[in-house]
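Dropping a structure here in structure tokens format, bear with me for questions.
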There are 2 protein chains.
Amino acid sequence: MKDLYKAHSKHYLAVDCVIFGYEDYELKLLLHRRPIEPSKGGWSLMGGFCGNNETLEMAATRVLEQTTGLTDIYLEQVAAFSDPGRDPAARVVSVAFYALIRIDQHDAEKVKNNGAQWWNVNEIPPLIFDHQEIVSKAKERLQMKASLELVGKELLPEKFTLMQLRRLYEAIYQRELDPGNFRKKVLSLNVLEKTNTKNTTESKKGAFNYRFRDDSDQINGHERVIKI
Amino acid sequence: MKDLYKAHSKHYLAVDCVIFGYEDYELKLLLHRRPIEPSKGGWSLMGGFCGNNETLEMAATRVLEQTTGLTDIYLEQVAAFSDPGRDPAARVVSVAFYALIRIDQHDAEKVKNNGAQWWNVNEIPPLIFDHQEIVSKAKERLQMKASLELVGKELLPEKFTLMQLRRLYEAIYQRELDPGNFRKKVLSLNVLEKTNTKNTTESKKGAFNYRFRDDSDQINGHERVIKI
DNA sequence: ACAAAAGTGTTCGGAATACACCCATGT
DNA sequence: ACATGGGTGTATTCCGAACACTTTTGT
């Protein structure tokens, strides 16, 4: 079929991934040194160009696999960034995604080869282009998501204690949460199930491990669920 | 400067606008018959291609002015849609926006010349391509926005009664709201101010008109404000 | 003994909900 | 008179926030 849109201009289309991970009670973010010009060597989000036959989601997935070695990663679209001057080398429109991954599961070797490094989300270095703005928007989105449904399935190990989950929420919300109230609220959502195993590494008494229920995807409408 | 990205493919970039308006107690949506092939004549969102030197927001603004005659329109980015087959004629990535406009203020002449028509948001005809999906996502976003802050400034006339505002929320939320509770909640937000004028067209007694306060943009963080 | 997390219970205030009820007025 | 929306008040319920308290166990 002939191209009916010939009169219009074409654009480079990129994806940039804000990769969130959780480790040592901190929400972290994977950055690498940009391997190409311009701004080669500057701290940057993981990015890549969108191919002709892939969706933006596929491109983001591909970028993630190349940099973390992980497939099957949770992705959420954030927004498109299209300031004509955002990339000094050319007009590139970038669609940002955020990803949630379990730090312990990714391919540390591959990450290192990419010159990548995990950073506490509150202590990141200066970033190239408009990547700081992208990160800010991604953080907002993650907060919003966390307030609408219980997140953690993609960030925590399969089994985790309620304290670990609370620390994650504290890192996302950037404020402390009452342990007792958090426990009651989270359990009332009925999306977790208790396991028989205990974790004794973080307390003398030991805390039961929980896991996400298999069918824990029944969140109602646009009603905010996690006030916490 | 020479193009450093030559190896990568370029793509057509379009914007599609979901134009919300409010009239006769109904949330409406402006559609037109697509003026070009493919799917010429099919019901479609207002769209256009992004130029080389404009942001996507600028492109959307331009499209809106061409179709409604209005400048200075409230716009919110929804998402990018990038299925390679979404447009049968070519690979076109589209970034969707929703717009809020006052139906009485737009250029009815221009709209008519565009073969455009307002539709109740729940009774729209079959749309071309993936526009139905775009509309669904835009509706979700509008609901979310309406629950985070008081909307209406862009949809209602400058002066409006609380009943009109409530009907708007009922149209957005798709459920009835208690008149007394709605009034108390909305006024407690402290973003409206009472005017001296009354509207007697909708009740025998007559209801005071309200308007949005000039400085009514102080919404706190990501805290949900409008539970309603 | 003490510290520190696990886990449970209680209290309190504010907010949402569900109403009742009076007011004003056009028909 | 009565229907209809305007506007106010109130009782009830629910939920989040604050916090007390007991349990368990490593040091």
Check your understanding: Any Lys/Arg nitrogen of A:Glu76 or A:Arg141 sitting under 4.0 Å from an Asp/Glu carboxylate oxygen of the other?
Key ->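 Salt bridge: no.
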Review point. Do the rings of A:Phe20 and A:Tyr98 sit parallel, tilted or perpendicular, given the 30° and 60° boundaries?
Key: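 If you compare the ring of A:Phe20 with that of A:Tyr98, the planes turn out perpendicular.
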Review point. What is the distance, rounded to the nearest whole Å, between atom OH of B:Tyr173 and atom P of C:dT17?
Key: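 These atoms are roughly 10 Å apart.
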Review point. Could A:Arg86 and A:Phe129 be counted as a cation-pi pair, given that NZ or CZ must be under 6.0 Å from the ring centre and within 45° of the axis?
Key: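 Negative - A:Arg86 is either too far from the ring of A:Phe129 or too far off its axis.
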Check your understanding: What is the distance, rounded to the nearest whole Å, between atom CZ of B:Phe182 and atom P of C:dA18?
Key ->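 For the pair B:Phe182 CZ and C:dA18 P, the rounded distance is 16 Å.
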Check your understanding: Quick one: A:Asn209 CG to C:dG7 C1', roughly how many Å, whole number?
Key ->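 Distance check: A:Asn209 CG to C:dG7 C1' gives 15 Å.
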Check your understanding: Can we say B:Glu109 and B:Lys112 salt-bridge, meaning some charged N sits less than 4.0 Å from an Asp/Glu carboxylate O?
Key ->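 No, B:Glu109 and B:Lys112 are not salt-bridged.
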**Study point:** Rounded distance (Å) that lies between atom P of C:dA5 and atom CG of A:Leu165
**Key:**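 One finds 17 Å between P of C:dA5 and CG of A:Leu165, rounded.
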**Study point:** Near-ring test A:Trp118/A:His106, centroid separation under 6.0 angstrom
**Key:**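 Ring centres of A:Trp118 and A:His106 closer than 6.0 Å.
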Find every protein N or O atom lying less than 3.5 Å from an N or O atom of nucleotides 4-8 of chain D, and list the pairs.
residue: D:dG6; atom: N3; partner: B:Lys205; partner atom: NZ; Å: 3.3
residue: D:dG7; atom: OP1; partner: B:Phe208; partner atom: N; Å: 3.4
residue: D:dG7; atom: OP2; partner: B:Arg183; partner atom: NH2; Å: 2.5
residue: D:dG7; atom: O5'; partner: B:Arg183; partner atom: NH2; Å: 3.2

Review point. Taking CG from B:Asp178 and P from C:dA16, how many angstroms apart are they, rounded to a whole number?
Key: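 One finds 13 Å between P of C:dA16 and CG of B:Asp178, rounded.
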Review point. With a 6.0 Å cut-off on ring centres, are B:Phe160 and B:Tyr22 close enough?
Key: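 No, ring centres 6.0 Å or more apart.
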Point to revise | Nearest-angstrom distance from the residue atom OH of A:Tyr169 to P of D:dA17 | key: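 Taking atom P of D:dA17 as the reference, OH of A:Tyr169 is at 14 Å.
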